[in-house]
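Below, chains carry the letters A, B, ... as their sequence lines are ordered, and counting in each starts from 1.
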2 protein chains.
Amino acid sequence: MEERGLDDRELHAWRSFFRMQEVLRGRIEQQLQAANGLSNADYTVLVALADDPAGRARLVELGRFLGWEKSRLHHQLTRMCKRGLVRRESAATRAMFVVLTPEGRDALEKAAPCHAAHVRRLTIDPLTDEQIDQLAEISTAILANLEADQQPSR
Amino acid sequence: MEERGLDDRELHAWRSFFRMQEVLRGRIEQQLQAANGLSNADYTVLVALADDPAGRARLVELGRFLGWEKSRLHHQLTRMCKRGLVRRESAATRAMFVVLTPEGRDALEKAAPCHAAHVRRLTIDPLTDEQIDQLAEISTAILANLEADQQPSR
DNA sequence: ACCGATGAGTTGATATATCAACCAGCTCGT
DNA sequence: ACGAGCTGGTTGATATATCAACTCATCGGT
């Protein structure tokens, strides 16, 4: 009576995947929040910035890298600015940068091992080595398809 | 320099999974919204309600079934009430129910095939039959672990 | 030089999710 | 009977995500 077009096997796969992803995301979020006062979005931005040796990135680049809408990024950054995790810097020529502040770097370094352990416990440990690779392959397959299918923009 | 504790293989699996899940969820949401004016949350609730022959469910039950916090469910339902998709009904004895309205059932029936097709296109089609089963197994493994690990509440 | 298009960035409105506090009624042990 | 604690439900505050509209440069062509 719903989701016709998927047979039982497919429907089951989809539903368990979706449920799993939902719960997992929630747990990760809570853990980061409780232990480090960071949202997952915060953490993601921090990690991305730390990729750069100077902890600096242009807004567009960052947005493209994260696959985020510009406005989402903007709001996120203003929140992070308010908390002193990053700082905006306007270059001479019509370009905006974000820089990791020392506090931001600190927060990241404190959170990282804890987060990693949590991710491991929740998603790596319950899987066999094979399954880990399968998950990676499945994910990239779906991702590739998503990127092909429509929306090259962003 | 981040997420120590995961080796490259694991990190790669985690990141592609996470990215995939993020993009996928966004697409599904957009599609449902654009084509049927429903959020994924709306849709989920509608499907859950339609499980019952009378399209009725007790709040607690529904919450438990969806794995949602009571307050999340509450807010969601008031939004859906406002749009006429469901109706609240208070039983005599301190128990709250939600009922699918005809409009709600309608919306669901209109959305379902379209949604199913979209899910299929985005997540089933790019995978082999084997991978579909693998995904189901992986998901249930992680889910089982999540449910074991802490939080029996909700 | 000008106009239109595009791209980066900003803003505000709205929808959604999460959290903590609260308000009944119920139940249970004393 | 009474108070402590539990459960189901509600509320409001806040954080986050999404969307549309807007500004302001820059660029290309004429």
Side-chain angles (χ1 to χ4, degrees), chain A residues 21-46 57-83 85-98 151-154, chain B residues 21-45 57-83 85-86 88-98 151-154:
Chain A
Q21 159 268 0
E22 207 168 30
V23 179
L24 180 55
R25 147 187 288 279
R27 285 292 180 82
I28 299 272
E29 190 78 41
Q30 288 177 327
Q31 194 277 335
L32 261 171
Q33 196 60 253
N36 308 96
L38 296 175
S39 70
N40 190 61
D42 295 332
Y43 186 80
T44 311
V45 170
L46 292 178
R58 221 194 130 176
L59 286 209
V60 206
E61 305 293 345
L62 188 53
R64 217 179 322 268
F65 178 70
L66 297 172
W68 287 7
E69 259 191 308
K70 53 190 182 172
S71 117
R72 176 181 181 186
L73 182 59
H74 180 86
H75 290 307
Q76 178 67 37
L77 289 180
T78 50
R79 282 188 300 262
M80 293 179 76
C81 274
K82 230 170 271 170
R83 286 182 294 146
L85 296 170
V86 299
R87 206 175 47 245
R88 270 183 231 264
E89 270 180 19
S90 45
T93 136
R94 191 76 267 107
M96 270 284 146
F97 287 82
V98 234
Q151 256 105 307
S153 71
R154 226 160 239 271
Chain B
Q21 161 269 359
E22 207 167 29
V23 178
L24 180 56
R25 145 188 289 280
R27 285 292 181 81
I28 299 272
E29 190 79 40
Q30 288 177 327
Q31 194 277 336
L32 261 171
Q33 196 60 251
N36 307 97
L38 295 175
S39 69
N40 190 60
D42 295 333
Y43 186 81
T44 311
V45 170
R58 215 186 139 183
L59 287 209
V60 207
E61 306 293 345
L62 187 54
R64 217 179 321 269
F65 178 70
L66 297 172
W68 287 7
E69 259 191 307
K70 53 189 182 172
S71 117
R72 177 181 182 187
L73 182 59
H74 180 85
H75 289 309
Q76 178 65 38
L77 289 181
T78 51
R79 282 188 300 262
M80 293 179 76
C81 275
K82 229 169 272 171
R83 288 182 293 144
L85 297 169
V86 299
R88 270 182 231 264
E89 273 181 17
S90 45
T93 133
R94 194 75 266 108
M96 270 286 143
F97 286 83
V98 235
Q151 257 101 307
S153 70
R154 225 162 238 274

* Asked: Taking the nucleotide of DNA chain C with the closest heavy atom to each, which residue, A/Gly26 or A/Met96, is nearer the 5' end?
  -> A/Met96

* With a 4.5 Å heavy-atom cut-off, do B/Leu38 and B/Leu85 have their side chains touching? -> yes

* Structure fact -> Of A/Gln33 and B/Phe97, the one whose closest nucleotide on DNA chain D sits nearer the 5' end is B/Phe97

* Strand contacts (DNA chain D) in residues 73-83 of chain B, 4.0 angstrom heavy-atom criterion -> B/His74, B/His75

* Structure fact -> Residue set satisfying side chain to side chain contact (heavy atoms under 4.5 Å, CB included) with B/Thr44, at least two apart, ordered chain then number -> B/Asn40, B/Leu66

* Closest approach of A/Leu77 to A/Val86 (non-hydrogen atoms, all atoms of both residues) -> O-CG2, 4.2 Å

* **Counterpart residues, side chain to side chain contact (heavy atoms under 4.5 Å, CB included), relative to A/Arg79 (two or more places apart)** => A/His75, A/Gln76

* Indicate yes or no: at least one non-hydrogen side-chain atom of B/Ile28 is less than 4.5 angstrom from one of B/Tyr43. => no

* Walk me through it: do A/Asp42 and A/Met80 pass the test side-chain contact (heavy atoms from CB on, under 4.5 Å)? => CA-CA 7 Å; A/Asp42 295 332; A/Met80 293 179 76; 3.5 Å; yes

* Structure fact -> salt bridge (charged side-chain N to carboxylate O under 4.0 Å, His left out) filter on B/Arg88, not counting sequence neighbours, yields none

* Asked: Within the structure shown, what part of the strands sits under 4.0 Å from A/Arg25 by heavy-atom distance: base, sugar-phosphate, or nothing?
  -> nothing

* Asked: With sequence neighbours left out, what residues match B/Glu89 under salt bridge (charged side-chain N to carboxylate O under 4.0 Å, His left out)?
  -> B/Arg56, B/Arg87

* Mind checking side chain to side chain donor-acceptor pair (under 3.5 Å) for A/Arg72 and listing every partner two or more places apart, or none if nothing turns up? => none

* To do: Using salt bridge (charged side-chain N to carboxylate O under 4.0 Å, His left out) as the criterion, list what pairs up with A/Arg25, not counting sequence neighbours.
  => none

* **Segment of DNA chain D, first to last nucleotide, that comes within the 4.0 Å heavy-atom reach of chain A** => D/dT16 to D/dA25

Tabulate protein N/O versus nucleotide N/O from nucleotides 21-23 of chain C, keeping only pairs under 3.5 Å, one per line.
none

